[in-house]
Amino acid sequence: MEATISREEFAFLIRRAGVTVPEATLDELYGVYGYIEASTRRVRAAGDAEPAHIFAPLEDPS
Amino acid sequence: MNDAIPTIAEAAEQIARKALSPVELTQACLDRIARHEETLHCFITLTAERALQEARAAEKEIAKSGSRGPLHGIPIGLKDIYETKGIRTTAHSRQLEHYVPDADATTVRKLSDAGAVLMGKLATHEFALGGPSFDLPWPPARNPWDPARFTGGSSSGTGAAIAAGFVLGGTGSDTGGSIRTPAAYCGLTGIKPTYGRVSKAGILPLSFSLDHAGPMAWTAEDCAILLECMAGYDPADPTCADRPVPAMRGELGHGAKGLRIGVVRHFFERDNPVGEPTLQAIDAALETLAAAGATLREITLPPLAEWYACGQLINLSESFDVHAERLRTNFAGFGELLRDRLLLGSTIASSDYVHATRRRRELATLLAAAMRDVDVLAFATVTGEAPPLDGVPKWGNFEKPSFAMPANLSGHPAMSVCTGFGPAGLPLAMQLVGKPFAEPALLRAAHAYERLTPWRDRRPALAAAAAVTP
């Protein structure tokens, strides 16, 4: 499954994580990144549901 | 004792009336380990001496004051992400090769208090995600039905060790099928309990919101015995539910009559079509349950790919968070497969993680609504028999949506049960999903099916297993 972003853009995403990755690994990961994009497209299509995580303050912090 | 491998329930009954010695039972397991471990690679750390000591102590105590309960004197194994005081806990990773915890996980302490005999720490996919891997300090576990085949994962060692009779039961963890898949491929029964039912304190995390701890064993009854021991509120785990633990065997005698089963047929016929033997076995299983008085109705849910997309983004995001520091400081300390999956997690945007958690709530609500008029759902666990161990595609899980993910996302309890054997002689399976905190009803369905079919009478022919090169 082909990615919609360029390899350079993908390499930026990995570098941003602070990890140094061999070029061959980057090539391989770029080759499957399209699957991640496909998943993000699916969840972005979801409606405006209420926030899934709601912070509830503790009444008794002890 | 003879070489037959008893279930936990059978052994417990015999031990309680002093017809079976825990020492002899433990020694029989150790003898099987001595004969076949070199082929199957189930253990990271075998604690043989400790096991015999615990078995002797159990025998002495039972003779003096009776059995503590159905796990007293029973040999078990722990997936090597369960922390054990004084025994290394490696997660099957070079990163933790020499890590020796100074405390037991809550579940380990409970099993120990129940008198279970610890045989050792069992192989897993690295940190319960990356596998099968051949670049780690220990080889991957192999399937006792055919050592050239995959066990499934990530609770691979637990699956193989139970099928081989090295232990009578064990622990697993399930973030996206890691109890149910090895249960399916190794021909066992495994239950992922409701999210929050079992404490995860002291269990190495993978994905905080999807991780579940649970038991694996030969039968549903044995899973019920183990789960009842492992379950219960634990303030040390903030995700643990403060709810009473029911008698997990309480509904086992109710049979299939009156059981309402919803069949999610599109999951395994259209969304991720299973092979013909698996399809026939599921249909036969459902017919068997219907003939015994269960009612069947078809249920429609969002396509499996929706569940998988959501679970994949949450799992990869959370597992990258767990391991980010190690990736930055000790990149080479991971096996290739786990490392590469974690790296993909680093590319997921925070907004997509939030979208996924929103979608998760929608999907969980739909699943709960679909179960309003049924007791359990039924669909596939895996598509077919276990594939060759050396032929598991590195990114195969990206190409086909997993049958496991719906219950990880929703937190519903789910089991895998053996539904017979395929053309290669390997186990086939079906998945059953129950309502939240209704594990007794789910175990009832699985137990009823097991009692109606002969599959629990067949074990791997280990003696015929040829040695293979790791």
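Chain letters run A, B, ... following the sequence lines, proteins first, then strands; residues in each count from 1. Because only heavy atoms are used, hydrogens play no part in the values below, and waters and symmetry mates are left out as well, while side chains stay in.
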Region of A:Thr25 that comes under 4.5 Å of a non-hydrogen atom in chain B: side chain

Contacting moiety of A:Phe12, where chain B heavy atoms sit under 4.5 Å: neither

Checking heavy atoms, do the side chain of [X], its backbone, both or neither come under 4.5 Å from chain A?
| X | answer |
| --- | --- |
| B:Gln312 | side chain |
| B:Ala305 | both |
| B:Phe320 | side chain |
| B:Ala356 | both |
| B:Leu343 | both |
| B:Leu316 | side chain |
| B:Arg339 | side chain |
| B:Glu399 | both |
| B:Phe398 | both |

Pairs of heavy atoms under 4.5 Å with chain B: top-ranked of A:Arg16, A:Met1, A:Glu28: A:Glu28

Under 3.5 Å: donor-acceptor pair, side chain of B:Arg328, backbone of A:Ala17: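 Checking the backbone N and O of A:Ala17 against the side chain of B:Arg328, a donor-acceptor pair under 3.5 Å is found.
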
Side chains of A:Ile14 and B:Ser346 in contact at under 4.5 Å (non-hydrogen atoms): yes

B:Phe331 side chain reached by A:Thr20 side chain, heavy atoms, under 4.5 Å: no

Side chain to side chain contact (heavy atoms under 4.5 Å, CB included) between B:Thr347 and A:Leu29, worked out: CA-CA 10 Å; B:Thr347 67; A:Leu29 295 180; over 6 Å; no

